[in-house]
Number of protein chains: 2
Amino acid sequence: MTNIKDLAKMAGVSVSTVSRVLNNYPFVKEEKRMAVLKAIKDSNYQKNINAVHLSKGKTQMIGVVLPFSDYPYFALLLKGISKQAYKYNYKLLLFQTDYMESREIEALKMLKQKQIDALIICSRTCNWSTIEEHLLFGPIVLCENVNKKLVSTTFVNHYKIFYDALEYLYHKGHQRIGYCIGRKSGASSVKRNSAYRDFINQYNLPDNHDYIFDDCLEIDDGEKVVQYIKKMDTPPTALLVTNDQAAAGILTACQKAKISIPDELAIIGFNNEPISKIMNITTIEIPLEKIGNNLFLQALSGEISNQEIAVNLIERGTV
Amino acid sequence: MTNIKDLAKMAGVSVSTVSRVLNNYPFVKEEKRMAVLKAIKDSNYQKNINAVHLSKGKTQMIGVVLPFSDYPYFALLLKGISKQAYKYNYKLLLFQTDYMESREIEALKMLKQKQIDALIICSRTCNWSTIEEHLLFGPIVLCENVNKKLVSTTFVNHYKIFYDALEYLYHKGHQRIGYCIGRKSGASSVKRNSAYRDFINQYNLPDNHDYIFDDCLEIDDGEKVVQYIKKMDTPPTALLVTNDQAAAGILTACQKAKISIPDELAIIGFNNEPISKIMNITTIEIPLEKIGNNLFLQALSGEISNQEIAVNLIERGTV
DNA sequence: TTGTATGCGTTATCAT
DNA sequence: ATGATAACGCATACAA
């Protein structure tokens, strides 16, 4: 492998001049520039990017932490991030964590070790203090509303969205409303739960813990929810399902179980994933690709900002 | 930022000893090891990984080229790759290409520049010769059957699978069989087309170009296929649809259009994506996660091998 | 078991 | 406009 030293020798100039040519500096005599260019061509030279990284202390790489890449929610987020990354000539280093804290910490360590210039965490598992410790080493961007002012965030207001959706169902005549979430311990789940409790109290509705289902992450998870509901004496008449995959699974399971949608059970999904369109599921559109764009730009700029993104109810056939 | 030189000073040893401690070498006196460990702790030292990369000439990073990360086919492939990457302590650098050759070439360039130790191309757009030129710089692994012996590959036999599926439908009584593919120019599409033509000839069936639909990549694409079929005088009675997303879209559109499945139209999907299960779509299971595993291991080993992966017909309700 | 010296390939500073 | 030289931070061959 030839390096700039070799090029310098071949072209009869110094390494600095080679570097200048390589990086399109002005103030290089055309004659010498040509000589360098010729040497580059003759030697089939390729820059060793690791040397650049070391010298500059930057890598033009940004880390992306997400639990699963094969869930539409995260895939869409990633798509948005990718598009901006390409635009700004950054590369993405992927950390698929399966919600394991240790892997998230590994990503943070990469920031510390300067392998990445910034880190985007699409779904956090570790403590805030762990994040805080790593803030010194580069920008960290989160996809949730933390009320600390030390990190950039792009988020939706899970509390308000949930509360509004519950009221929407209430005004459609529903009194027994349940919901399905992914992880019980997730940051958004906590906010949704508090919205649910406030709603229940506000409208004086019965507080039935059986109406809350967790571990609803993918399409297959719908079946068990419907099985459970079928056995209930007073099942919910409406369900908020925090992703359209699970909503689709529930819808399909209901069709099999001859539960009429929306008459016997109303469903509101989340995200407006492609499946919700063809299955005609009423859903709350979260502009994930746009959020992804935002996350990247925040990671890139380094300046701290906190942006709330609006969502949009798409009324289709399941309410 | 403190470096090993600083540590050496703090611990009263040489940089090599520090390096030895850092990398768990034997033959370091416990006393000095402790001193170094203390210095590491006191200084909150972190290794600069870029220096390691430069010094070693390797990065423990492997590139992954795929057109879209939000299609289940590629997401599942990526999942398999990710799992192995984690296991072997490698990081993945993601290149989302949107099928643009220039981006694929950029990934190849990263190999040349030593930013990645190997490259996995999940779906190729560039010419073989372009691949060949970059083979000097590190292992390149493909997810298709090229009959060159210079790269590792993990693949399924698209020709045989397609031919077998066509015969399967034929023996179920179908004579007018069509198919839907993604990109007309993709490597697999070419093989599928030749299987189709051979099948048509073998069984003396009419060769109707209208039975071939391309640009069927996602769930939304089903609608236009059904619209088109509805207008045909002699529509196909069976359809091979090369991904379950499109198959699901077609199935749904048929339900709306009151086309009875499988009586009026039989459908075989591909990949056994989650959606095919809940929609009860007969599909050809391609073990994508397993293929992903394989691709990574091939990239890691550097030894060239070519492995065919078997597929599996899952008979459900659409044939 | 430990230390010295050199290499890895660039970029950046400074002098000319 | 150009060149010499010092970072950048670590690994490693070699000497001791």
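Chain A is the first sequence line, chain B the second, and so forth, proteins listed ahead of strands; every chain is numbered from 1.
- Across the protein-nucleic acid pair, Q113(B) atom CD and dC8(C) atom P stand 19 Å apart, rounded to whole Å.
- Taking atom CD of residue E30(B) and atom P of nucleotide dT1(C), one finds them 11 Å apart after rounding to whole Å.
- Ranked by how close their nearest DNA chain D nucleotide is to the 5' end, N50(B) and P26(A) are led by P26(A).
- Rounded to whole Å, atom C1' of dA11(D) lies 15 Å from atom CG of N24(B).
- Taking only side-chain nitrogens and oxygens, K32(B) comes nearer than 4.0 Å to OP1 or OP2 of dG3(C).
- Taking the screw axis at each terminus of the helix from dT1(C)-dA16(D) to dT16(C)-dA1(D) from five consecutive base pairs, the angle between the two is 40° to within rounding of 10 degrees.
- In this structure, K83(A) pairs ionically with E289(A), as a charged nitrogen and a carboxylate oxygen lie closer than 4.0 Å.
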Sequence neighbours left out, cut at 3.5 Å: what donor-acceptor pairs do the side chains of residues 48-68 of chain B make with other protein atoms?
from: N48(B); atom 1: OD1; to: N50(B); atom 2: N; distance (Å): 2.8
from: N48(B); atom 1: OD1; to: A51(B); atom 2: N; distance (Å): 3.4
from: N50(B); atom 1: ND2; to: K114(A); atom 2: O; distance (Å): 2.9
from: H53(B); atom 1: NE2; to: T59(B); atom 2: O; distance (Å): 3.3
from: T59(B); atom 1: OG1; to: M61(B); atom 2: N; distance (Å): 3.3
from: T59(B); atom 1: OG1; to: Q115(B); atom 2: O; distance (Å): 3.0
from: T59(B); atom 1: OG1; to: D117(B); atom 2: OD1; distance (Å): 3.3
from: Q60(B); atom 1: OE1; to: Y90(B); atom 2: OH; distance (Å): 3.3
from: Q60(B); atom 1: NE2; to: N89(B); atom 2: O; distance (Å): 3.0

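- Taking every heavy atom of both residues into account, Q298(B) and S305(B) meet most closely at NE2-OG, 2.9 Å.
- Atom-to-atom, NZ of K9(A) to C1' of dG9(C) comes out at 14 Å; the value is rounded to the nearest Å.
- L54(B) has its CG atom 11 Å from the P atom of dA11(D), to the nearest Å.
- In this structure, I40(B) CD1 and I4(B) CD1 are separated by 10.5 Å, a value rounded to the nearest 0.5 Å.
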Just the table, please: protein N/O against nucleotides 10-14 of chain C N/O, every pair under 3.5 Å.
from: dT10(C); atom 1: OP1; to: Y45(A); atom 2: OH; distance (Å): 2.5
from: dT10(C); atom 1: OP1; to: N48(A); atom 2: N; distance (Å): 2.9
from: dT10(C); atom 1: OP2; to: I4(A); atom 2: N; distance (Å): 2.8
from: dT10(C); atom 1: O5'; to: Y45(A); atom 2: OH; distance (Å): 3.2
from: dT10(C); atom 1: O2; to: S55(A); atom 2: OG; distance (Å): 3.2
from: dT11(C); atom 1: OP1; to: N23(A); atom 2: OD1; distance (Å): 3.4
from: dT11(C); atom 1: OP1; to: N23(A); atom 2: ND2; distance (Å): 3.3
from: dT11(C); atom 1: OP1; to: K47(A); atom 2: NZ; distance (Å): 3.4
from: dT11(C); atom 1: OP2; to: S19(A); atom 2: OG; distance (Å): 2.8
from: dT11(C); atom 1: OP2; to: N23(A); atom 2: ND2; distance (Å): 3.3
from: dT11(C); atom 1: O4'; to: S55(A); atom 2: OG; distance (Å): 2.7

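- The two residues K79(A) and S69(B) come nearest to each other via the heavy atoms N-OG, 4.3 Å.
- Considering only heavy atoms from C-beta on, D6(A) stays 4.5 Å or farther from S43(A) through its side chain.
- One can place NZ of K58(B) at 16 Å from P of dA11(D), the figure rounded to the nearest angstrom.
- Contact check, T17(B) against dG3(C): a side-chain N or O comes under 4.0 Å of OP1 or OP2.
- Residues I121(A) and F95(A) fail the side-chain proximity criterion, which asks for heavy atoms closer than 4.5 Å.
- Note that the CG atom of L37(A) and the CG atom of D42(A) stand 10.5 Å from one another [nearest 0.5 Å].
- The shortest heavy-atom contact between C122(B) and I81(B) is SG-CD1, 4.0 Å.
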